[in-house]
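Just so you know, ligand 1 is whichever comes first in the structure, and atom 1 is the first atom listed for that ligand. Everything numeric here is computed off the predicted structure, so don't read it as measured data.
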Amino acid sequence: MPCPYANLGDAFDPLDLSDPFPLLARARHEQPVFYSPAIDYWVVTRYADVKAIFRDHETYTAANTISPIAPFSDAARRMLAVGDYTPEPVLSNNVPPGHTRIRAQVNRLFTPRRMKSFAPAIRDIAERGVGRLLERGRAPLDIVAALTYEYPAYVLFRVLGVPAADVPQVKAWAGNRIKLYYGRPTAAEQIAMTENLVPFWRYVVDLVAEKAREPQDDLTSDLIRLRAGDDSVLTLNEIASCMITLLVAGHETTTAQINNALLHLLSRREHWRALCAAPSDIPRALEEMMRYDPSVCTWRRLAAQASVINGVDIPAGANLLLMLHSANRDERVFPEPDEILFARGNLKDQLAFGYGIHYCVGAPLARLEMAILLETLTRELPGLRLADGQQIEYTRNISFRGPKALLVTW
Ligand code: HEM
């Protein structure tokens, strides 16, 4: 009999993503909504509750999704003001009606049809990346460092019209921003990381100004064309704010999702062999991998008013941590949740891309580029396997889960 007074939140370390599933399974059963004193968030673990919160965007807004879990110090705030750092809420942490207006424009860019037009370029990036891997021989190597860390960034940069030569710098800025907002830096680290936001923002502002002068065949230019000089459609500052969001959200997430998929498919090689034999199953396999181990494993909401979630009183102003990896393993929705089953009938219900008005705008691109990379790897490297005896490590943060390194051989 579980102790009715024990708060699971006392045993829960929200930044330790190494093996969250046993505690989450217990929470779904014993205490589906619990309070985490470590971060002052209410943690929601069941599928039905997570989905209901996503659906009710008036009671639960997305205003806290890009906020540091340790608030900025005065010194960090001053540094941003001096650096003319003016990104504003546009997509992820915005609320209607502003979100509705901006999202309507951005939706016009990321259509499955427009994404498909990039498929040949994406295939070329995948084939060149895997070709470089093949040249390096069969000795164990880290496939993250050699391929998956940069692949989604090269794809995104091609789509957005950002110079490929800038991938390493932008990856470093984006990684810095994730650690700042989703990790727990010390006061000194927070200052150094905040300082790093300023050149990232300047880079994006300059990029938008350049595309406004000389539009090209890319989505940044498309967004500027949709604006047609009319600030009531989109301001240039809003476009730059969209760009900095996309330049973070559009590759770290996909890198980690590919790594999660490779880890599980190669750990149980019967799944890898099945995909090599039947590559047409790759889209379903990827969907099941997103259910089983979503790279954005948690996402946030802010309670705009008092409410009750699964019998627990949630005060107005409370922060909520929605456990997408737990919702996706809720046995009430996905039977045998800890098994990998490509043939599940309800894979479309998985929540790895969120749900409702903030549903991931990059989902068509992410699905396409992940499928192309897996098609290329299963075709060129069917003998791919994990090197024995490695320890899988994860970066400490509350939301982004994916192995830091994966040693492979073939
Ligand atoms: C496998 C890769 C990815 C995963 C797992 C993922 C996951 C998510 C999740 C969970 C959300 C929050 C949804 C919500 O609040 O309901 C989100 C939003 C978003 N994602 Fe993704 N994402 C991925 C790839 C991408 C890519 C490739 C892009 C850009 C090209 C992108 C851009 C965005 C943006 C801009 C939002 C905010 C949308 C809004 O608030 O209207 N994501 N994503």
Check ligand 1 against [X] and write out every atom of the ligand that is under 4.0 Å from a heavy-atom position of the residue.
X	value
Ser295	5 (C)
Phe110	30 (C)
Leu246	29 (C), 35 (C)
Thr254	2 (C), 24 (C), 27 (C)
Ala352	5 (C), 7 (C), 10 (C)
Trp299	12 (C), 15 (O)
His99	39 (C), 40 (O), 41 (O)

Check each heavy atom of [X] against ligand 1 and say whether those closer than 4.0 Å belong to the side chain, the backbone, both or neither.
X	value
Tyr355	backbone
His358	both
Leu156	side chain
Met290	neither

For atom CZ of Arg332, is the number of surrounding heavy atoms from other residues, nucleotides or ligands below 6.0 Å larger than 12?
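Yes, CZ of Arg332 has more than 12 neighbouring heavy atoms, counting only those of other groups under 6.0 Å.
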
Does atom CG (Asp230) have a neighbourhood of more than 12 heavy atoms from anything else shown, all under 6.0 Å?
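Yes.
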
Please state which protein non-hydrogen atom is closest to atom 1 (C) of ligand 1 and give its distance, to 0.1 Å?
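Residue, atom and distance for the closest contact: Gln257 CB, 3.6 Å.
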
Which residue and non-hydrogen atom of the protein lie closest to atom 39 (C) of ligand 1, and at what distance in Å?
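Nearest neighbour among protein heavy atoms for atom 39 (C) of ligand 1, to 0.1 Å: Arg103 NH1, 3.4 Å.
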
If only side-chain N and O atoms count, and only distance matters, is there a donor-acceptor pair under 3.5 Å linking Thr148 with Asn259?
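Indeed, the side chains of Asn259 and Thr148 share at least one donor-acceptor pair under 3.5 Å.
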
Does one side chain, of Ser307 or Tyr60, offer a donor that lies under 3.5 Å from an acceptor on the other?
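There is such a pair between these side chains.
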
Can a salt bridge be assigned to the pair [X] and [Y] using a cut-off of 4.0 Å between side-chain N and carboxylate O?
X	Y	value
Arg344	Glu288	yes
Arg225	Asp222	yes
Lys179	Glu189	no
Arg396	Asp13	yes

Who pairs with Asp231 by side-chain hydrogen bond (donor to acceptor under 3.5 Å, both in side chains), at least two apart in sequence or on another chain?
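Asp231 satisfies side-chain hydrogen bond (donor to acceptor under 3.5 Å, both in side chains) with Arg227 once adjacent residues are dropped.
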
Trp299 and Phe400 aromatic ring geometry - parallel, tilted or perpendicular at 30°/60° bounds
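Geometry flag for Trp299 against Phe400: perpendicular rings.
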
Going by the angle between their ring planes, with limits at 30° and 60°, are Phe21 and Tyr292 parallel, tilted or perpendicular?
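Aromatic pair Phe21/Tyr292 classed parallel.
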
Can you list the steps and then say if Arg300 with Tyr182 is a side chain to side chain contact (heavy atoms under 4.5 Å, CB included)?
CA-CA 11 Å; Arg300 293 186 262 178; Tyr182 303 90; 3.2 Å; yes

Picking from Leu302, Ile309, Val43, what satisfies side chain to side chain contact (heavy atoms under 4.5 Å, CB included) with Leu320?
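Per the side chain to side chain contact (heavy atoms under 4.5 Å, CB included) rule, the option paired with Leu320 is Ile309, out of Leu302, Ile309, Val43.
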
Please report the number of protein N, O or S atoms that lie less than 2.8 Å from atom 21 (Fe) of ligand 1.
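For atom 21 (Fe) of ligand 1, the figure is 1.
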
For atom 15 (O) of ligand 1, which of the options Arg55, Met115, Arg301 provides the nearest non-hydrogen atom?
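Checking each option, the heavy atom nearest atom 15 (O) of ligand 1 is found in Arg301.
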
